[in-house]
Amino acid sequence: MTLLSLAILIPWAAGIALVAVDGRRPVVGWAAVATLGGTLVALVALGAEVLTHGEVVVTTGGWPRGVGITLRADAAGVLFAVLSVGVLLAATAHLVMGGVRERTFPGIVVLLAAGLTGLFLTGDLFNFYVFFELAMLASYVLATYGGSRRSLGSALVFTLVNLLGTFVFLLSVAGIYHVTGTLDMAAIGARMDAVDPNAGILIAVGFFVAFSVKLGLFPFHFWLPTVYTGARPAVAAILAGGLANVGAYGLLRFGGELLPRELDLAAGALVVIGAASVLYGGVLAISRHNGSEMLAYSAIGQVGYVLVAVGIGGPVGFAAAVMISIVNSLNKVLLFLTTRMRGAIVGWAFLLGALSVAGVPPAVGFVAKMELFRAAADAPALLVLLFLGSAMSLLYAFQIYQYDFWRTERHGPRSHRSQLAVLGIVAAVVLVAGLWPEPLVYLSDAAARAVGGAAVVVGDGTVVSDGLPAVTSAP
Amino acid sequence: MTLIYALAAGALFGIGAYLVMRRDLLRVVLGVVVISQAATLTLMASALGFGAAPIYPLPSGAISDPLSQAMALTSVVIGLATTALLLVLVLRVVDVFRSQGLDEVAEDEVAQEATLDAEHALGHEDEEAAAR
Amino acid sequence: MSSIIGVVAPRLLGPALILAAAIIVKGYADVGDGFSAGVIVATALALRYVSLGWELAERSLPVLRRAPQVATAGLLIALATGFAGPLVGDPPFTHYPRAGESVIHIGTLELITAVVFDLGLFLFVTAAFVVLIHHLARLAQGGPR
């Protein structure tokens, strides 16, 4: 319980304090890195507790459950929180070593971490929205940090599109409260069965649109390439590797736990949209000759796999979706950090990232692709799609490798040795997780079970789906 | 009553969507604000009821649901913060571009991208020539 | 119109503060809280900015220049009271004294930690509004960054 409070409090309080001071001074940047490190330690400790003793649930103010706001740490939430904060830590360290140019950067990144940990560790729908909005506000500010005219324009588009996405999300939250009379996620999952399927589908579509915009799935992707190419590499890594996790987690949590019946109904459509995303992202990534543009379109393609896996559903599909999200996030950080870097291991790190995107051993991408193949084993059409997608990712990744590292020398000063060390650590994670995949498989299975709609048990062993006061006064 | 709220929220959303489609950046911001009001109205409508404020000790008779009002209040606050951010962003964009048209921003971007692409293509041609 | 604002705006701050205090106190027996109090004071301050212009408004009331620090302090106060619970083993956002324990009364105002939370929120909302107006005014007038 203390760990759960700490994990939310540390980045929140530190972020507020850091926003108020001048972030261009190195000491402030390092304070942000230390805060993120502290948050990560608290989250890992919390994760160990969750994996050994089961869910940690706290209701604020000591109110009875259903009245107070529920904070809840389960395997899926903690896993995504650890991943996102880890990504933020690596990218922030990388940026601080190169010198921070924006006054508010360290504070904003830490506030983004606060929003992300909050939304992964809440069991209350509206609280999810509040932390979601905190994270989004921080990311809107981050997106302006390119400095160029172009990045300002793309930040405006990013902000507008995502704001509209969050309003759609809010409409669905209102819908859920209207039909179930509660905001507690576990209780919603239990009560949705009694709800008119038409209302359920409308609500589900709202959530799907909101999270697809965050993920940058195919029909909602239009903001993504300009933003990712306009931002600085570390900021692009934060947006693609950290913030995009919200979309994947949201699809899993809302599809698996809150609206399982609607997910079943829409499974076919999800697979089709995911496949379209994979093909579209792949084809456009091949047509690009610039590293960061290729990465942006590759991101659109890669999140398609997440949607395909969610559409397949079941424990295997969910586990595959969790694993692909983790791998995507690691790949994106590694690859975005290598753009505009120069030095001995940059080429190797990029090669490893490219192998991982294409799903070739020894990189961790191979494990995720295997998991996806296992999930899709019954559907020959999906297997063809996966082969095609992998072939395309191999093609575009090596095309860029060829352009960037074989044909031309990179210009500019050599990157700082400490930045290379950060890159090396991320690359080592990608490599080690690929060579020794058991922990990753175990964690994604645990996360998939947590969102898979199995009976939800609170710390003291009571099933929570009953016993909530019916507070609805809706007609 | 719920129907009236639903119609009003729908109308607001429509007006907002229309404004967001305009070229003028200030109108786009206003459109977002109007859409946020549609969301707030929907939150209020999600648990409509007549009654006294539910503060302990409870008065006799019907009480209203505080939760939807709390949600509406929170979303108003968050809407305010996002509007503020959006306004600052628009002002900065206007400051940089000295224009208020989205399409002008886009045109500028296209031109810039074209030059970037041309430079890039030139670089590759040089390499290929050198390779030969 | 502008002449009315010019007369009213400088005289509005005192009444606004009193009204805000009344709303915070009233919030413990009826509808009202630190947020609405903050909005009221901020609106009065916004009127000052409108009538005087940002430079004059801040010169006549120098505390406005400290708004970022006040906002930070307010938010930290609110967070500290909110997360004091876990320090002694209670859930976050528990208020002290707990329900049923004896409370110090000042008139109808009950002194519980929730009052401190509300005050922090009030400071944050007011100061955040001022920061916002300040930045918008400077950006709109193209003043020095």
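A note on names: the letters A, B, ... follow the listed sequences, proteins ahead of strands, and every chain is numbered from 1.
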>> Please check if the number of heavy atoms outside B:R27 that lie under 6.0 Å from its CZ is greater than 12.
In response: no
> Given that the side chain runs from C-beta out, which part of A:L137 has a heavy atom under 4.5 Å from chain B: side chain, backbone, both or neither?
Replying inline: both
>> Show, in sequence, the C-alpha distance, side-chain angles and deciding distance for B:F13 and A:L171, and conclude whether the side chain to side chain contact (heavy atoms under 4.5 Å, CB included) test is met.
In response: CA-CA 11 Å; B:F13 200 98; A:L171 290 177; 3.9 Å; yes
> Would you call B:V20 and A:L160 a side-chain contact if the rule is heavy atoms closer than 4.5 Å?
Replying inline: no
> For chain B, which of A:L164, A:V173, A:V141, A:L183 has the most heavy-atom pairs under 4.5 Å?
Replying inline: A:L183
>> Taking ring pair (Phe, Tyr, Trp, His ring centres under 6.0 Å) as the definition, give me every residue that meets it alongside A:Y140, ordered by chain and number, with sequence neighbours left out.
In response: A:F158
> Can you tell me how far the CG atom of A:L170 sits from the CD1 atom of B:I78, to the nearest 0.5 Å?
Replying inline: 8.0 Å
>> Going by the rule side chain to side chain contact (heavy atoms under 4.5 Å, CB included), which residues pair with B:V76 if we only count those two or more places apart in sequence or in a different chain?
In response: B:T40
>> Using a 4.5 angstrom heavy-atom cutoff, name the option from B:L41, B:T42, B:L89 with the most pairs to chain A.
In response: B:L89
> Yes or no on side chain to side chain contact (heavy atoms under 4.5 Å, CB included) for A:L156 and B:L25, after CA distance, side-chain angles and deciding distance?
Replying inline: CA-CA 10 Å; A:L156 187 64; B:L25 283 181; 3.7 Å; yes
> If every non-hydrogen atom of A:A174 is compared with every non-hydrogen atom of B:S46, which pair is closest and at what distance?
Replying inline: O-CB, 3.3 Å
> So which residues of residues 29-38 of chain B are in contact with chain A at a heavy-atom cut-off of under 4.5 Å?
Replying inline: B:V32, B:I35, B:S36, B:A38
>> If you compare all heavy atoms of A:L152 against all heavy atoms of B:R92, which two are closest, and at what distance to 0.1 Å?
In response: CD1-O, 4.1 Å
Using residues 122-135 of chain A as the side-chain source, report each donor-acceptor pair under 3.5 Å to any protein atom, sequence neighbours left out, with the distance given to one decimal.
| unit_1 | atom_1 | unit_2 | atom_2 | d |
| --- | --- | --- | --- | --- |
| A:T122 | OG1 | A:T70 | O | 3.4 |
| A:T122 | OG1 | A:D124 | N | 3.2 |
| A:T122 | OG1 | A:N127 | ND2 | 3.0 |
| A:D124 | OD1 | A:F126 | N | 3.0 |
| A:D124 | OD1 | A:N127 | N | 3.0 |
| A:Y129 | OH | A:E133 | OE1 | 3.1 |

> Rounded to the nearest 0.5 Å, what separation is found between the CG atom of A:L163 and the CG atom of B:L85?
Replying inline: 8.0 Å
